[in-house]
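Chain identifiers are assigned alphabetically (A, B, ...) following the order of the sequence lines, protein sequences preceding nucleic acid strands; residue numbering begins at 1 within each chain.
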Number of protein chains: 2
Amino acid sequence: MNRENVILTELKGGGYRLTQARKAIIQVLCEARAPLGAPDIIVLMASIGTSVNKTTVYRELEFLKGQGLVAEVLVGDGLRRYELMPEGHHHHHLVCNECSAVECVEVESCVGEDVRQIDHIEKTSDFKVTDHSLKFFGLCARCRL
Amino acid sequence: MNRENVILTELKGGGYRLTQARKAIIQVLCEARAPLGAPDIIVLMASIGTSVNKTTVYRELEFLKGQGLVAEVLVGDGLRRYELMPEGHHHHHLVCNECSAVECVEVESCVGEDVRQIDHIEKTSDFKVTDHSLKFFGLCARCRL
DNA sequence: TGACAGATGCAACTGGGTTGCAATATAATT
DNA sequence: AATTATATTGCAACCCAGTTGCATCTGTCA
């Protein structure tokens, strides 16, 4: 069973309805190769035959995030992007300074996973670290041409 | 000579005017202990006796950023924050999930400075890395009470 | 003091995101 | 198939950070 059906089944089992909008937004997210913003999602949904109001998209994304099925990706340009919750692997993002395109990468050793350093930060800053975000900025292949 | 005067002198030398608004915004940034957003800056400027239009603040921040005197800090909540350009030391930020407060921290070894890993990323992703951003999310001291 | 160019204010606008409420559609039940 | 409960959706108005064009003002220097 593919990811899309796993998600739909999980939602149905949780007592949630499988509406047109929900199925379409999940399909769009499953087919995406990079995190998508709500405006992108609206266009993509329309392109596969399901036009929905933006409110619905925002609420659905919030819902899927709450269900732990989708992750919010904040790149800093003020647009909230979403991707399917990464399964197991810890990954980060590449953000193009020109076109804002976002790609995914995996990094060998990330400070965010170094218990000793996190511990040090928490002690010196009086801050409880629960998560981290590592992003690389630069130019994507297309914008470098 | 303190940082504030160094900046003012540098600007004057560059042929730029030392206006009330400019002096006040620089003062506010110099006195800040953490990155500030434009709305915060407007309030702080008013509190030291210089009320300015928001357009002025946005344009001034853009100007100071262009002069390399101020750095933009993107935390992901859609608000652009600004801090004096860090001198020499490479630092990162702690972002509170509750109140969005931002603090600064220094990290021992950051992937963003590991030439070997950057090289690896550029080769496997066909992306030219020019910068990076590492942020830790969690709860600040106040929100943990 | 006059004048130029840099700097500012105003007002209207953009766009992502939110909210309250009425209307609709899904899925279980009869 | 009709009924029903409520999860879900659409609409319209709204919020707020940030932007833009243009007229006006002001710091600086001659």
### Set of salt bridge (charged side-chain N to carboxylate O under 4.0 Å, His left out) partners for B/Asp114, sequence neighbours left out
none
### Query
When you measure from every atom of DNA chain C, which of residues 21-34 of chain B have a heavy atom less than 4.0 Å away?
B/Ala21, B/Arg22
### Query
To which residues is B/Leu94 joined in a hydrophobic cluster, defined by side-chain heavy-atom contacts under 4.5 Å among Ile, Leu, Val, Met, Phe, Trp and Tyr, whether direct or through other members?
A/Leu94, A/Val105, A/Val107, A/Val111, A/Ile118, A/Ile121, A/Phe127, A/Val129, A/Leu134, A/Phe136, B/Val105, B/Val107, B/Val111, B/Ile118, B/Ile121, B/Phe127, B/Val129, B/Leu134, B/Phe136
### Query
Do the two ring centres, one from B/His90 and one from B/His132, sit under 6.0 Å apart?
yes
### Task
If a protein heavy atom is under 4.0 Å from the base, mark B; if only from the sugar-phosphate, S; if neither, -; do that for nucleotides 22-30 of chain C going 5' to 3'.
---BBS---
### Message
According to side chain to side chain contact (heavy atoms under 4.5 Å, CB included), who are the partners of B/Thr55, at least two apart in sequence or on a separate chain?
### Response
B/Asn53, B/Arg59
### Nearest atoms (heavy-atom pairs only) where B/Thr56 meets B/Ala21
CG2-CB, 4.0 Å
### Task
Could you state whether B/Leu18 and B/Val6 fall into the same hydrophobic cluster, counting links through intermediate Ile, Leu, Val, Met, Phe, Trp or Tyr residues with side-chain heavy atoms under 4.5 angstrom apart?
no
### Query
How would you list, by chain and number, every residue that makes a side chain to side chain contact (heavy atoms under 4.5 Å, CB included) with A/His120, sequence neighbours excluded?
A/Thr124
#### Entry: Sequence neighbours excluded - ring-ring contact (aromatic ring centres under 6.0 Å, His included) pairs with any residue from residues 38-81 of chain A
A/Tyr16-A/Phe63
### Query
Going by number, which of residues 69-83 of chain A have a non-hydrogen atom under 4.0 Å from DNA chain D?
none
Using residues 26-46 of chain A as the side-chain source, report each donor-acceptor pair under 3.5 Å to any protein atom, sequence neighbours left out, with the distance given to one decimal.
from	atom 1	to	atom 2	distance (Å)
A/Gln27	NE2	A/Glu31	OE2	3.2
A/Asp40	OD2	A/Gly37	N	2.9

### Message
Under the criterion side-chain contact (heavy atoms from CB on, under 4.5 Å), I'd like the reasoning laid out for A/Glu106 against A/His92: C-alpha separation, chi angles, the key distance, then a yes or no.
### Response
CA-CA 6 Å; A/Glu106 289 191 43; A/His92 299 284; over 6 Å; no
Acceptor/donor pairs from residues 68-88 of chain B side chains to any protein atom, 3.5 angstrom cut, sequence neighbours excluded:
from	atom 1	to	atom 2	distance (Å)
B/Glu72	OE1	B/Lys65	NZ	3.4
B/Glu72	OE2	B/Tyr82	OH	3.1
B/Asp77	OD1	B/Leu79	N	3.0
B/Asp77	OD1	B/Arg81	NH2	3.4
B/Asp77	OD2	B/Arg81	NH2	2.3
B/Glu83	OE1	B/His91	NE2	3.3
B/Glu83	OE1	B/His93	NE2	3.2
B/Glu83	OE2	B/His91	NE2	3.2

### Message
Suppose we screen for side chain to side chain donor-acceptor pair (under 3.5 Å). Which residues come up paired with B/Asp126, at least two apart in sequence or across chains?
### Response
A/Arg144
### Task
Would you kindly give the CZ-to-C1' distance between B/Phe63 and C/dT8, to the nearest whole Å?
14 Å
### Proximity to DNA chain C (any heavy atom under 4.0 Å), residues of residues 39-62 of chain A only
A/Pro39, A/Lys54, A/Thr55, A/Tyr58, A/Arg59
